[in-house]
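Step one of this worksheet: look at the structure below.
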Amino acid sequence: MATQSVLTPQADDFPRWYQDVVAKAEMADNGPVRGTMVIRPYGWAIWERMQAAMDERIKGAGAQNAYFPLFIPLSYFQREAEHVEGFSPELAIVTHAGGEELAEPIVVRPTSETVIGEYMAKWVQSYRDLPLLLNQWSNVVRWELRPRLFLRSSEFLWQEGHTAHASYDDANAYANKIHLEVYNDFLENVLAAPTYLGIKPASERFAGAINSITAEGMMRDGKALQMATTHELGQNFARAFDIYFQSEAGQAELCHTTSWGASTRMVGGLIMLHGDDQGLVVPPRLAPIQAVVIAVRDEPEVNDACEKVAASLKSAGVRVQVDRGRGSFGRRVTDWEIKGVPLRVEVGPRDLKEGVVTLVRRDNADKAAFSLDAVASVALDLLDVIQSAMFEGAKQRLADATSDVLTIDEALEATETGFARLKWSAVGESGEATLKARAVTVRCLQRPDGSMPANDREAELDCIVAKSY
RNA sequence: CGGGGCGUAGCGCAGCUUGGUUAGCGCGCCUGGUUUGGGACCAGGAGGUCCCGGGUUCGAAUCCCGGCGCCCCGACCA
């Protein structure tokens with residue numbers, strides 16, 4: 001029988017394809033309240049592995065995990081002018097509790113700079129207390145106008161790091177360290193996601209920040225997605241929350257703070273960055289299930305062989321699952337393809353007669369037979385090969401779909417299908433407005449060699465512009 | 001908040017224009033059987049406040065009035 005597509009093809013309707021994948025890969029469902037999300041076990045397993053990989057790197061960068069309350073007094077937000085202005089439209093505010101109207105409304109946190117700032121002020125007394133490096137894993141709420149599963153839900157999960165430093169230089173260095181050693185390292189080596197690293201123009205900065213650093217990935221439809229972001233808050237929040245320390249010279253000085261986050265949006269990024277018309281494609285290092293062993297027929301010898309193959313894979317350190325019996329072979333293959341499991345091991349009577357099993361790569365559908373003894377070591381090699389092939393493939397797509405242009409008009413044309421790169425001086429504030437009228441924004445500023453600028457006042461900067469999620 | 005569209009079984013939809021018996025179809029689900037090397041097939045079966053309220057009528061999923069909800073495109077945004 002012919003292979004027909006189970007999902008809406010990407011080329012027909014990309015957003016529809018995305019929704020199909022989320023539903024059919026059993027990642028998530030819409031929650032009962034508009035914009036909320038139920039994360040199903042398979043989606044959660046992927047998020048858990050993202051969390052683990054990032055948490056390890058966060059701790060490696062010296063930050064400690066802590067937890068701050070979900071509820072924040074409204075007055076905290078009002079202490080930083082830009083912050084309250086930026087977040088007011090999307091706050092969820094509790095006005096009643098215990099059957100009575102509250103004396104002061106309580107905000108359900110959209111982010112925790114304010115409440116953490118309040119406690120940093122308490123905990124920081126001396127330069128010896130610095131730097132103070134905190135991170136928390138939490139849920140936050142932002143009342144979004146147009147929610148989409150994973151990409152923009154009213155409630156989402158994330159980590160938010162918050163640090164306080166004695167000097168601008170120390171804060172700046174730490175922000176860069178986080179961005180490179182936590183986010184970029186995770187993105188490249190686990191998620192197989194190449195991005196453009198750069199800083200946001202003033203118009204796109206976090207509310208209250210003096211500088212926002214970003215990692216901009218390109219989805220399969222050519223649109224941009226901010227995968228992670230790091231903010232230098234300067235002394236704005238330190239001033240608003242009285243985060244002072246006594247210096248070595250005995251002077252009272254204001255701290256410099258940073259904040260940085262990555263969220264469940266990254267799951268959406270995973271789907272749209274690597275997914276194809278057959279469904280999700282999960283990079284091996286991230287995959288909760290790296291290999292699925294499929295019994296072609298529900299027969300005792302085949303099932304025995306499946307268990308043996310699975311056992312050898314497991315002892316080699318492969319995250320493996322056995323699938324036998326429950327329906328037609330074709331159906332099961334399709335189901336695992338939709339879930340994006342990197343490696344499929346097909347075990348059937350025909351192969352077994354020759355003492356082999358068939359290994360199939362999810363990323364390129366390559367198929368080959370290997371002896372039972374060799375399966376574990378071949379699989380380990382293949383998982384590595386798939387991991388780097390996915391990264392290289394994504395890198396190539398990013399490069400191919402980025403056009404170097406000279407003018408705003410050329411940029412508008414190029415961003416119909418991908419990214420455009422041009423001189424920041426060729427854009428400016430009026431250029432930004434022209435672009436924005438066509439739903440194109442400046443994703444980040446970079447030095448001409450692609451490295452990250454210290455700030456947007458550097459001369460000779462390039463900008464990457466694109467439509468975005 | 002501006003512009004479009006839609007509410008009928010778990011999901012996707014038809015029926016409405018021109019009111020008329022027990023409201024249909026596909027997928028999914030349940031039972032039994034045959035199957036299983038790329039979404040299997042046969043037989044039987046379960047499942048509905050036709051978004052809500054009011055009105056017209058002998059009779060409303062269908063016509064009228066009012067409400068609510070959702071989706072898509074923009075502005076906001078991790």
Side-chain angles (χ1 to χ4, degrees), chain A residues 1-8 13 15-16 19-20 23-24 29-30 32-35 85-91 109-112 138-161 183 200 203-207 212 214-217 224-231 259-269 278-279 294-299 302-303 323-338 344 346-354 356-358 360 365 367 369 433 436-441 467-469:
Chain A
M1 58 209 71
T3 304
Q4 65 179 61
S5 66
V6 180
L7 308 167
T8 306
D13 185 346
R16 184 76 185 260
Q19 290 180 331
D20 284 356
K24 297 210 166 149
D29 255 336
N30 281 303
V33 172
R34 182 187 153 75
E85 193 189 328
F87 278 102
S88 284
E90 46 189 295
L91 294 181
R109 66 177 162 221
T111 181
S112 304
S138 70
N139 58 341
V140 288
V141 169
R142 299 182 186 179
W143 218 253
E144 298 293 350
L145 299 171
R146 275 188 59 204
R148 279 184 83 183
L149 288 173
F150 290 115
L151 297 173
R152 198 171 39 229
S153 44
S154 299
E155 177 192 7
F156 59 89
L157 306 181
W158 74 348
Q159 59 69 218
E160 48 177 324
Y183 295 140
K200 289 289 184 186
S203 60
E204 301 281 328
R205 240 179 241 152
F206 176 77
S212 289
T214 182
E216 298 287 325
L225 184 73
Q226 178 174 304
M227 305 292 276
T229 180
T230 304
H231 310 293
S259 69
W260 26 281
S263 71
T264 37
R265 166 177 273 194
M266 205 131 47
V267 178
Q278 277 64 53
I294 303 184
V296 173
R297 286 163 180 270
D298 189 11
E299 296 171 2
V302 173
N303 288 334
D323 177 9
R324 43 187 250 199
R326 57 158 187 106
S328 78
F329 174 72
R331 176 51 179 259
R332 289 179 288 146
V333 165
T334 309
D335 284 349
W336 290 113
E337 272 180 350
I338 293 172
R344 213 161 65 229
E346 300 178 357
V347 181
R350 220 159 62 200
D351 282 350
L352 282 182
K353 265 180 203 152
E354 298 167 31
V356 299
V357 295
T358 302
V360 190
K367 208 180 265 205
K436 201 149 193 177
R438 297 270 297 275
V440 174
T441 50
K467 293 186 177 174
S468 73
Y469 281 94

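None of the values given here were measured: they were computed from a predicted structure.
In this entry the distance linking CG of A:Asn139 with P of B:rA78 reads 17 Å, nearest Å. When the C1' atom of B:rG28 is taken as reference, atom CD1 of A:Ile338 falls 14 Å away, rounded to whole Å. A:Asp20 has its CG atom 15 Å from the C1' atom of B:rC71, to the nearest Å. One can place CH2 of A:Trp158 at 7 Å from C1' of B:rA78, the figure rounded to the nearest angstrom. Atom CG of A:Asn30 and atom C1' of B:rG69 are 14 Å apart (whole Å). When rounded to the nearest whole Å, the span between OH of A:Tyr469 and P of B:rC76 equals 17 Å. We find that CG of A:Asn303 is positioned 12 Å from C1' of B:rU36, with the value rounded to whole Å. What separates CG of A:Leu149 from P of B:rA78 is a distance of 19 Å, to the nearest Å.
For B:rG2, the paired base is B:rC73 (Watson-Crick or G-U wobble, both distances below 3.5 Å). Base pairing of B:rC63: its partner is B:rG55, meeting the Watson-Crick or G-U wobble criterion (both donor-acceptor distances under 3.5 Å). Base pairing of B:rC29 is made with B:rG45, judged by Watson-Crick or G-U wobble geometry with both donor-acceptor distances under 3.5 Å. When both pairing distances are held under 3.5 Å, B:rU22 makes no Watson-Crick or G-U pair with any nucleotide shown. Base pairing of B:rC68: its partner is B:rG7, meeting the Watson-Crick or G-U wobble criterion (both donor-acceptor distances under 3.5 Å).
For the C1' atoms, the distance from B:rC50 to B:rC25 is 15 Å, rounded to whole Å. Atom C1' of B:rC63 sits at a distance of 42 Å from the matching atom of B:rC76, rounded to the whole Å. The C1' atoms of B:rC11 and B:rU17 are separated by 28 Å, rounded to the nearest whole Å. Distance noted for atom C1' between B:rG48 and B:rG7: 15 Å (whole Å). Spacing between B:rG38 and B:rG32 at atom C1', rounded to whole Å, works out to 27 Å. For the C1' atoms, the distance linking B:rA9 with B:rG26 amounts to 13 Å, nearest Å. A gap of 7 Å separates the C1' atoms of B:rC30 and B:rA46, to the nearest Å. Rounded to whole Å, the separation between the P atoms of B:rU8 and B:rG15 comes to 14 Å.
Using a 4.5 Å heavy-atom threshold, the side chains of A:Leu225 and A:Leu151 count as touching.
Between the side chain of A:Ser153 and the backbone N or O of A:Leu149 there is no donor-acceptor pair closer than 3.5 Å. Between the side chain of A:Arg142 and the main chain of A:Ser154, no donor-acceptor pair closer than 3.5 Å is present. Between the side chain of A:Thr264 and the backbone N or O of A:Phe156 there is no donor-acceptor pair closer than 3.5 Å.
Considering only the side chain of A:Glu144, B:rC77 comes nearest among B:rG28, B:rC77, B:rG38. Taking every side-chain heavy atom of A:Arg332 into account, B:rU36 is the closest of B:rA78, B:rG37, B:rU36. When distances are taken from the side chain of A:Ala439 to each of B:rA78, B:rC76, B:rA75, the shortest belongs to B:rA75. Closest approach to the A:Val333 side chain among B:rG37, B:rG38, B:rG28 is made by B:rG38 (side chain taken as heavy atoms from C-beta onward). For A:Asp298, the side-chain atoms get nearest to B:rU36 when compared with the rest of B:rU36, B:rC72, B:rA40.
The minimum heavy-atom distance linking A:Thr214 with A:Gln226 is given by the pair OG1-CG, 3.3 Å. Nearest approach of A:Ala262 to A:Gln159, heavy atoms of both residues: N-OE1, 2.9 Å. When all heavy atoms of A:Pro110 and A:Phe87 are compared, the pair lying nearest together is CB-CD2, 4.0 Å.
Residue contacts for A:Arg344: at a heavy-atom cut-off of 4.0 Å it reaches a base atom on one of the strands shown. Using a 4.0 Å heavy-atom criterion, one finds that A:Thr358 contacts the bases of the nucleic acid, with or without backbone contacts as well. Using a 4.0 Å heavy-atom cutoff across all strands shown, A:Arg297 reaches sugar-phosphate atoms only and no base atom. Residue-level contact check: A:Ser153 touches the bases, meaning some heavy atom is under 4.0 Å from a base atom. As judged by a 4.0 angstrom heavy-atom cut-off over every strand, A:Gln159 is placed among residues making no nucleic acid contact. A:Pro349 comes within 4.0 angstrom of a base, heavy atoms only. Looking at heavy-atom distances under 4.0 Å, A:Gly261 makes no contact with the nucleic acid at all.
We find that the ring of A:Phe329 and the base of B:rG37 do not stack by the test of centres under 5.5 angstrom and planes tilted less than 30°.
Contact of A:Ser328 with B:rA40 (side chain to base): no donor-acceptor pair of N or O atoms is detected under 3.5 Å. In the interface, the side chain of A:Arg438 is not paired with the base of B:rG74 through any donor and acceptor atom under 3.5 Å apart.
When each of A:Thr334 and A:Pro15 is assigned the nucleotide of RNA chain B with its nearest heavy atom, A:Thr334 is the one assigned upstream, toward the 5' end. The 5' end of RNA chain B is approached more closely, in terms of each residue's nearest nucleotide, by A:Val347 than by the other of A:Val347 and A:His231.
Checking the phosphate oxygens (OP1, OP2) of B:rC76, a side-chain nitrogen or oxygen of A:Lys436 falls inside 4.0 Å. For B:rC72, the OP1/OP2 oxygens have a side-chain nitrogen or oxygen of A:Gln19 closer than 4.0 Å.
Note: A:Trp260 and A:Tyr183 have perpendicular aromatic rings, judged against thresholds of 30 and 60 degrees for the angle between ring planes.
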